[in-house]
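Being a predicted model, the structure only gives us computed values, none of them experimental.
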Amino acid sequence: MRTASTLHPIAAFLTGGLLSLMVLTNGTLAVYGTLLFSSWVPHFTGTSAALALLLVLRPKRAQPTRAPLWSYAAGIVGAFTVMLTSAALNSPLALSGTIALGLAGQVAFSIIADLRGLFGLPKRRPSTREWAAFALILVGAGLLVLSGTEA
């Protein structure tokens, strides 16, 4: 039987695949509509699905207190993320370049957030291994983007 700690990396890996699928479908929506449309549709359907699940499952609150005010900006950040990835996907970057550069941006922001202790995170210095992984991600993204595409 697998423990929760073994399932976390598997779940994270599968989430990466779902993220690629999401970027692809949102980019497709942008081709047939606008960038705003490509953001509105998944947010509307996601909100509808979440509300339906809340009504059916009726989960209890994890914390009796309210979340920090800044955490409610996630929807705005998500809307811009969808619009920007949809625009990037429909450029010469294509899906692999968009995802590779997006991953590099995620890791860069995460390192800064750890160093500065942003958003309530404890301040911590990234290890040499984390810096090396970031460097490899940048090199991989660079290879994808700068190598161009074969026609």
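Here CG of Leu93 is found 5.0 Å from OG1 of Thr98. Values are rounded to the nearest 0.5 Å. Taking CE of Met22 as the start and OG of Ser86 as the end, the distance is 8.0 Å to the nearest 0.5 Å. Between Lys123 atom NZ and Leu118 atom CG the span is 9.0 Å, to the nearest 0.5 Å. For the atom pair CH2 (Trp40) and OG1 (Thr34), the distance works out to 11.0 Å, reported to the nearest 0.5 Å. Distance check, rounded to the nearest 0.5 Å: CG of Leu19 to CG of Asn26 gives 9.5 Å. Here the straight-line distance linking atom CD1 of Ile99 with atom OG1 of Thr85 works out to 7.5 Å at 0.5 Å rounding.
The heavy-atom pair separating Leu121 from Ala113 by the smallest distance is CD1-CB, 3.9 Å. The two residues Ala30 and Ser38 make their nearest non-hydrogen contact at N-CB, 3.6 Å. Here the closest non-hydrogen pair linking Leu54 and Pro59 is CD2-CG, 3.7 Å. When all heavy atoms of Gly75 and His43 are compared, the closest pair comes out as O-NE2, 4.0 Å. Considering all non-hydrogen atoms of both residues, Pro42 and Thr45 come closest at O-OG1, 3.2 Å. The shortest non-hydrogen separation linking Ala141 to Leu101 is CB-CD2, 4.0 Å.
A chain of hydrophobic side-chain contacts below 4.5 Å, direct or via other Ile, Leu, Val, Met, Phe, Trp or Tyr residues, connects Trp70 to Ile112.
Through direct or relayed side-chain contacts under 4.5 Å between Ile, Leu, Val, Met, Phe, Trp and Tyr, Phe134 connects to Leu103, Val107, Ile111, Leu115, Trp131, Ile137, Leu138.
Considering only heavy atoms from C-beta on, Arg125 stays 4.5 Å or farther from Glu130 through its side chain.
Counting heavy atoms of neighbouring residues, nucleotides and ligands inside a 6.0 Å radius, atom OH of Tyr72 exceeds 12 of them. Heavy atoms of other residues, nucleotides or ligands lying less than 6.0 angstrom from CG of Leu69 number 12 at most.
Side-chain atoms of Ser48 come within 3.5 Å of backbone N or O of Phe44 as a donor-acceptor pair.
By the side chain to side chain contact (heavy atoms under 4.5 Å, CB included) test, Pro122 is found to be paired with no residue, residues two or more places apart in sequence or in another chain being considered.
For the side chain to side chain contact (heavy atoms under 4.5 Å, CB included) criterion with Leu29, the lone passing option out of Val82, Leu35, Val41 is Val41.
Sorted by first and then second residue, the side chain to side chain donor-acceptor pair (under 3.5 Å) pairs involving residues 108-119 (not counting sequence neighbours) are Asp114-Arg124.
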